[in-house]
Visitor: 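Sending over a structure as structure tokens; questions will come in a sec.
No experiment lies behind these values; they were computed from the predicted model shown. In the text below, chain A, chain B and the rest are named by the order of the sequence lines, each starting its count at 1.
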Protein chains: 2
Amino acid sequence: MSASTNPSPSATEVASEDARQQIKLLTCKEDAYSGVIVEIDEPMDSTSFVLRLKASILQWKQQGKKGVWIKLPIELVNLAEPLVKERFWYHHAEPKYIMFVYWIPEGPNTIPANASHQIGVGAFVVNDKKEVLVVQEKSGLLRRKGAWKFPTGVVNQGEDICAAVVREVKEETGVASEFVEVLAFRQNHKAFFGKSDLFFLCMLRPVSSNIVIDETEIEAAQWMPFEEYSAQSSVQNSKLLKYMSNVCRAKIDGHYAGFAHVPTNSLSDQRKRYLYLNAGGLERSNSL
Amino acid sequence: MSASTNPSPSATEVASEDARQQIKLLTCKEDAYSGVIVEIDEPMDSTSFVLRLKASILQWKQQGKKGVWIKLPIELVNLAEPLVKERFWYHHAEPKYIMFVYWIPEGPNTIPANASHQIGVGAFVVNDKKEVLVVQEKSGLLRRKGAWKFPTGVVNQGEDICAAVVREVKEETGVASEFVEVLAFRQNHKAFFGKSDLFFLCMLRPVSSNIVIDETEIEAAQWMPFEEYSAQSSVQNSKLLKYMSNVCRAKIDGHYAGFAHVPTNSLSDQRKRYLYLNAGGLERSNSL
């Protein structure tokens, strides 16, 4: 109260300012949104950690900082309880750390949401004889006695969709292939701990034909005439699989354009990023 | 050792079996992959928690269980340290809980990965006069003095892409619109705490034209002739934005087919799931 009516600091404030100078503040980096990021990398007892944390927050507040991010490695989990007591909450976690977050200003926070989707891929690998590469899996929800399906898998963190689908086909069946197009994709919710998933149906061109299955995941694999795959009751009785099968047939027949991948990178950033688009449609427009 | 050579239990084993019967095992549900899921929902001191946990794991091991999932609410963070000491690790976290995981069998685990992607949307809202809805944002990395951009935003957890982009346009500019197609998408890595993102460029048809901007996020918004948007140096100097702008022009010119959304749901599951595909290409094939 006195601070707002009287510009000179009170005795208590001077004393606490004095004490604070002796407390080693937490080392932090600044982000582009007036936030600070702290990576805790040395063991601390919780009492001295809380003192350092409180003094640091006071300083960040004076500096007009907003979000405070604290990355806590799993071996320092003893500091998780003190952080929660200081009103930090969880932003996300990975196997070896928890990212805590705190919002300094009054009012609603603009902390960005955590990752929300897992990305799956399915491979339509078709050769010149209109035979498609199909597998039977050893486990999983989709396991059905006798039903043959396209190879599928999950995109690894940091992996391109076009690379992930080629990798999965190679791992499961031993067949080498080249990415051609994304033919369609499907979004699904509450697939996995409340998270959503996006599943990309991709067309691949095989560059080898010999099958060597991954015994841990796959029961059997074979090249099968596309119409035989499509006629299976497991396909015909699923609205989704039937749609996807019709898309594949339209592609074989030459009537369907999916999204090819083109590399793009901005001037400021040399990392390669793929843009997926209807390359034929764009070409027709550009050639006018 | 004795257990494997002698079928009758040792004295120690009988004693520990006896003790275990008096320890209340943790309540769990089973999952479809020989795993168990525990939701801790009552306060416990860490000593009795560890006793119950050890006894439970012993039982699950005997039952041939593999993965153990423990969902720990933030108010019971005092049990995080004991879990880590018992060799649990983090699978993921959301603001109010951490999901711990543990693998009982010898050998590598088949625990599925955490969500890896955030989903962004960009809106190409174009009217009959070939005017496009553009905004200037108040903050963010893409803020550039004088540059006009498409409205963009992040897909909420559980939200469809086709709904998210309509919502973002309405929130930022007040303009009501209908989803038409995904025109292209781009995958980017290490965008956000090591996570990846997928950005979907969507075409929308406006059903209102009056602009009322969201003052907290948006500096200004207007309807702008498409060629004026496209001619901006911010677009022409970015390989990515130039590509996307060319895709939009091809769409205006009628030479480009993106992916429309069709609802699908399987027999076993009545939740609506959207499949995005080249509807015109599929139609041409079906009409043969």
Side-chain angles (χ1 to χ4, degrees), chain A residues 32 74 77-78 80-81 84 89-90 92-95 98-99 113-119 141 154-155 157-158 160-161 184-190 192-193 195-196 237-240 243 246-247 249-250 253 255-259 264-267 273-278 281-282 284-286, chain B residues 32 74 77-78 80-81 84 89-90 92-95 98-99 112-119 141 154-155 157-158 160-161 184-190 193 195-196 237-240 243 246-247 249-250 253 255-259 264-267 273-278 281-282 284-286:
Chain A
I74 193 165
V77 63
N78 66 304
E81 193 175 354
V84 171
W89 69 92
Y90 311 133
H92 67 276
E94 292 295 324
I98 304 173
M99 183 68 81
N114 188 2
S116 56
H117 282 65
Q118 206 178 52
I119 311 297
L141 288 173
V154 172
V155 175
Q157 189 141 315
D160 285 313
I161 290 165
F185 63 88
R186 185 215 54 185
Q187 192 182 18
N188 192 16
H189 302 300
K190 304 204 172 181
F192 173 73
F193 295 121
K195 296 287 180 178
S196 304
N237 293 336
S238 156
K239 192 169 175 183
L240 178 67
Y243 245 117
N246 288 344
V247 164
R249 182 181 295 109
D253 292 345
H255 299 286
Y256 190 92
F259 285 177
T264 66
N265 45 333
S266 67
L267 290 175
R273 294 180 282 196
Y274 283 109
L275 182 64
Y276 296 76
L277 49 73
N278 180 343
L282 191 58
R284 276 193 297 280
S285 169
N286 286 346
Chain B
I74 193 165
V77 63
N78 65 305
E81 193 175 354
V84 172
W89 69 91
Y90 310 132
H92 67 275
E94 292 295 324
I98 304 172
M99 183 67 82
N114 188 2
S116 55
H117 282 65
Q118 205 178 53
I119 311 298
L141 288 173
V154 172
V155 176
Q157 189 140 315
D160 284 313
I161 290 166
F185 63 88
R186 186 214 52 187
Q187 193 182 17
N188 192 16
H189 302 300
K190 303 203 171 181
F193 296 120
K195 297 287 180 177
S196 305
N237 292 337
S238 155
K239 192 169 175 183
L240 179 66
Y243 247 117
N246 288 344
V247 164
R249 182 181 296 108
D253 292 345
H255 299 285
Y256 191 92
F259 285 177
T264 66
N265 46 332
S266 66
L267 290 175
R273 293 180 283 196
Y274 282 109
L275 182 63
Y276 295 77
L277 49 72
N278 180 341
L282 190 57
R284 276 193 297 281
S285 169
N286 287 346

Visitor: Only pairs of heavy atoms separated by less than 4.5 Å count here; which of B/Asn246, B/Val247, B/Ile119 has the most with chain A?
Guide: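 Top count of heavy-atom pairs under 4.5 Å with chain A: B/Ile119.
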Visitor: What is the distance from atom CG of A/Asn114 to atom NZ of B/Lys195, rounded to the nearest 0.5 Å?
Guide: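 Result: 6.5 Å between the selected atoms.
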Visitor: When heavy-atom pairs shorter than 4.5 Å are enumerated against chain B, which of A/Gln187, A/Arg249, A/Gln157, A/Glu94 gives the highest number?
Guide: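 When all of A/Gln187, A/Arg249, A/Gln157, A/Glu94 are compared, A/Gln187 has the most.
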Visitor: Would you say that A/Pro95 contacts B/Trp89 through its side chain, given a criterion of any heavy-atom pair below 4.5 Å between the two side chains?
Guide: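 They are in contact (side-chain heavy atoms under 4.5 Å apart), so the answer is yes.
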Visitor: Would you compute the distance between atom CG of A/Asn188 and atom CZ of B/Arg273 and round it to the nearest 0.5 angstrom?
Guide: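 Going from the CG atom of A/Asn188 to the CZ atom of B/Arg273 covers 4.5 Å.
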Visitor: Quick check on A/Tyr274 against chain B: is it the side chain, the backbone, both or neither that has a heavy atom closer than 4.5 Å?
Guide: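 Backbone only.
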Visitor: Quick check for you: to the nearest 0.5 Å, what is the distance between A/Phe185 atom CZ and B/Phe259 atom CZ?
Guide: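 One finds 7.0 Å between CZ of A/Phe185 and CZ of B/Phe259.
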Visitor: With the side chain counted from C-beta on, respond yes when A/Tyr243 and B/Leu277 share a heavy-atom pair under 4.5 Å apart, and no when they do not.
Guide: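 Yes, at least one pair of side-chain atoms sits under 4.5 Å.
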Visitor: Looking only at heavy atoms, what is the nearest atom pair of A/Leu275 and B/Arg186, with distance?
Guide: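 That would be CD1-CB, 3.9 Å.
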Visitor: Looking only at heavy atoms and a cut-off of under 4.5 Å, which of A/Val154, A/Asn278, A/Val77 has the most pairs with chain B?
Guide: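 Highest number of pairs under 4.5 Å: A/Asn278.
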Visitor: How long is the span from the CD atom in A/Glu81 to the CG atom in B/Asn78, to the nearest 0.5 Å?
Guide: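 Going from the CD atom of A/Glu81 to the CG atom of B/Asn78 covers 5.0 Å.
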Visitor: I need the minimum non-hydrogen distance between B/Ala250 and A/Gly281, along with the two atoms involved.
Guide: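 Smallest interatomic distance, heavy atoms only, reads CB-O, 4.2 Å.
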Visitor: Please test B/His189 against A/Asp160 for side chain to side chain donor-acceptor pair (under 3.5 Å), starting from the C-alpha separation and ending with a verdict.
Guide: CA-CA 8 Å; B/His189 302 300; A/Asp160 285 313; 3.0 Å; yes
Visitor: For B/Ser116 and A/Ala115, which heavy atoms make the closest approach, and how far apart are they?
Guide: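 Closest approach of B/Ser116 to A/Ala115, heavy atoms only: C-CB, 4.1 Å.
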Visitor: Give, as side chain, backbone, both or neither, the part of B/Val84 having an atom under 4.5 angstrom from any heavy atom of chain A.
Guide: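 Side chain only.
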